[in-house]
Amino acid sequence: MKKILILHTSLTGNTEQIAYLLKTQLDDGRFDITTKDIGYENIEVDDLRGFDGILVGTYTYDDGNLPYEIEDFHDELDNINLTDKIVGIFGSGDRSYSYFCNAVNLFKAQFEKTNATVLEHT
C-alpha cells in the first residue's frame with residue numbers, strides 16, 4: 001500500500017480544512033495516509049523518505065512570506081534527495097496581498113531542488 005503524508009500548517013484553519021478535504025478524497029482504502037500539523041507535531045525532512053507521496057500545505061504570511069513555523073523545514077529541504085517521491089503543494093492566502101499564496105510557490109521551488117516529481121499547481 002502506498003504511503004502518503006499530508007503535512008500542513010494553518011493560522012486561521014483554512015489550510016487545515018484543505019488538508020482535511022484532501023485526506024477525505026484520498027482515503028478510499030488504496031493509501032496509508034498520515035496527516036501532520038507542522039505547527040504542533042515534530043517532523044524532520046528525513047521522515048519524508050518513508051512516504052511515496054507528500055502533500056504540503058501552507059498559508060502565506062504577510063506579503064508573500066513563509067509562516068515562521070515552517071521556515072526551518074523549508075530550509076532543511078536543501079539537504080535531502082527525494083528522487084522517486086511525488087510531491088504536491090497546496091495553500092491558502094489573502095488576495096488583498098500582492099503575492100497571493102506565494103508560500104506555495106516558494107515550497108514548489110524548494111521541492112524541485114530535491115529531485116522529487118513536483119505536481120503542477122494553480
Side-chain angles (χ1 to χ4, degrees):
M1 182 175 293
K2 299 283 185 183
K3 294 178 70 175
I4 296 176
L5 172 65
I6 302 174
L7 177 66
H8 72 280
T9 186
S10 190
L11 181 64
T12 62
N14 293 333
T15 309
E16 181 178 23
Q17 183 66 24
I18 297 167
Y20 172 78
L21 291 170
L22 287 169
K23 183 180 187 304
T24 301
Q25 288 298 309
L26 292 170
D27 199 7
D28 62 2
R30 294 181 300 150
F31 305 107
D32 178 10
I33 301 171
T34 301
T35 304
K36 290 191 176 231
D37 182 332
I38 199 164
Y40 298 102
E41 300 176 74
N42 185 32
I43 183 144
E44 303 294 329
V45 292
D46 286 338
D47 297 341
L48 300 179
R49 290 190 175 117
F51 295 91
D52 301 294
I54 303 153
L55 297 171
V56 177
T58 180
Y59 63 95
T60 297
Y61 185 73
D62 198 25
D63 199 18
N65 300 319
L66 291 170
Y68 73 91
E69 65 270 21
I70 206 163
E71 285 177 342
D72 289 343
F73 181 82
H74 173 272
D75 294 345
E76 289 170 9
L77 289 169
D78 282 334
N79 304 316
I80 191 167
N81 184 330
L82 295 176
T83 300
D84 299 327
K85 306 297 179 189
I86 297 173
V87 176
I89 314 296
F90 63 94
S92 60
D94 186 337
R95 288 196 184 274
S96 66
Y97 288 99
S98 301
Y99 299 102
F100 174 69
C101 281
N102 192 57
V104 171
N105 298 327
L106 295 172
F107 260 102
K108 180 178 185 281
Q110 192 71 340
F111 269 106
E112 286 173 341
K113 294 178 192 175
T114 69
N115 298 316
T117 300
V118 182
L119 302 174
E120 287 299 315
H121 67 284
T122 58

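Treat the numbers as computed from the prediction; the structure is a model and nothing was measured.
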*Start with the C-alpha distance between L55 and L26, add both sets of side-chain angles, then the distance that settles side chain to side chain contact (heavy atoms under 4.5 Å, CB included), and finish with yes or no.*
CA-CA 11 Å; L55 297 171; L26 292 170; 3.8 Å; yes
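- Taking both residues in full, the closest heavy atoms of D52 and M1 are given as OD2-O, 4.4 Å, listed atom of the first, atom of the second, then distance.
- Between T15 and G57, the shortest heavy-atom distance links the atoms CG2-C, 3.6 Å.
- The shortest side-chain heavy-atom distance between Q110 and D78 falls under the 4.5 Å cut-off.
- Side-chain contact between V104 and F90 is absent, with no heavy-atom pair separated by less than 4.5 Å.
- One N or O on the side chain of K85 and one on the backbone of R49 form a donor-acceptor pair closer than 3.5 Å.
- For D84, the CG atom counts as loosely surrounded, since its 6.0 Å shell holds 12 or fewer non-hydrogen atoms of other residues, nucleotides or ligands.
- Between T9 and F73, the closest side-chain pair of non-hydrogen atoms is not below 4.5 Å.
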*Take E16 and H8 through the side chain to side chain contact (heavy atoms under 4.5 Å, CB included) test and state the conclusion after the steps.*
CA-CA 7 Å; E16 181 178 23; H8 72 280; 3.7 Å; yes
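- Judged by the 6.0 Å and 45° rule, K3 forms a cation-pi pair with F51.
- Shortest non-hydrogen contact noted between A103 and P67 is CB-CD, 4.5 Å.
- Here CG of D32 is found 9.5 Å from CG of D27. Values are rounded to the nearest 0.5 Å.
- Smallest separation of non-hydrogen atoms from K108 and V118: CG-CG1, 3.8 Å.
- More than 12 heavy atoms of other shown residues, nucleotides or ligands fall within 6.0 angstrom of atom CD in E41.
- Shortest non-hydrogen contact noted between L5 and K36 is CD1-CG, 4.3 Å.
- Remark: D47 engages I43, E44 in a side chain to side chain contact (heavy atoms under 4.5 Å, CB included) (not counting sequence neighbours).
- Going from atom OH of Y61 over to atom CG of N102 covers 15.0 Å, rounded to the nearest 0.5 Å.
- Using a 4.5 Å heavy-atom cutoff, the side chains of I80 and E76 are not in contact.
- Counting heavy atoms from C-beta outward, N14 and I18 have side chains that stay 4.5 Å or more apart.
- Considering CD1 of I33 and CD1 of I6, their distance stands at 5.5 Å, rounded to 0.5 Å.
- Taking the side chain as every heavy atom from C-beta outward, L48 and L77 approach each other to under 4.5 Å.
- Annotation: side chain of Y20 is not in contact with side chain of K23 (no heavy-atom distance under 4.5 Å).
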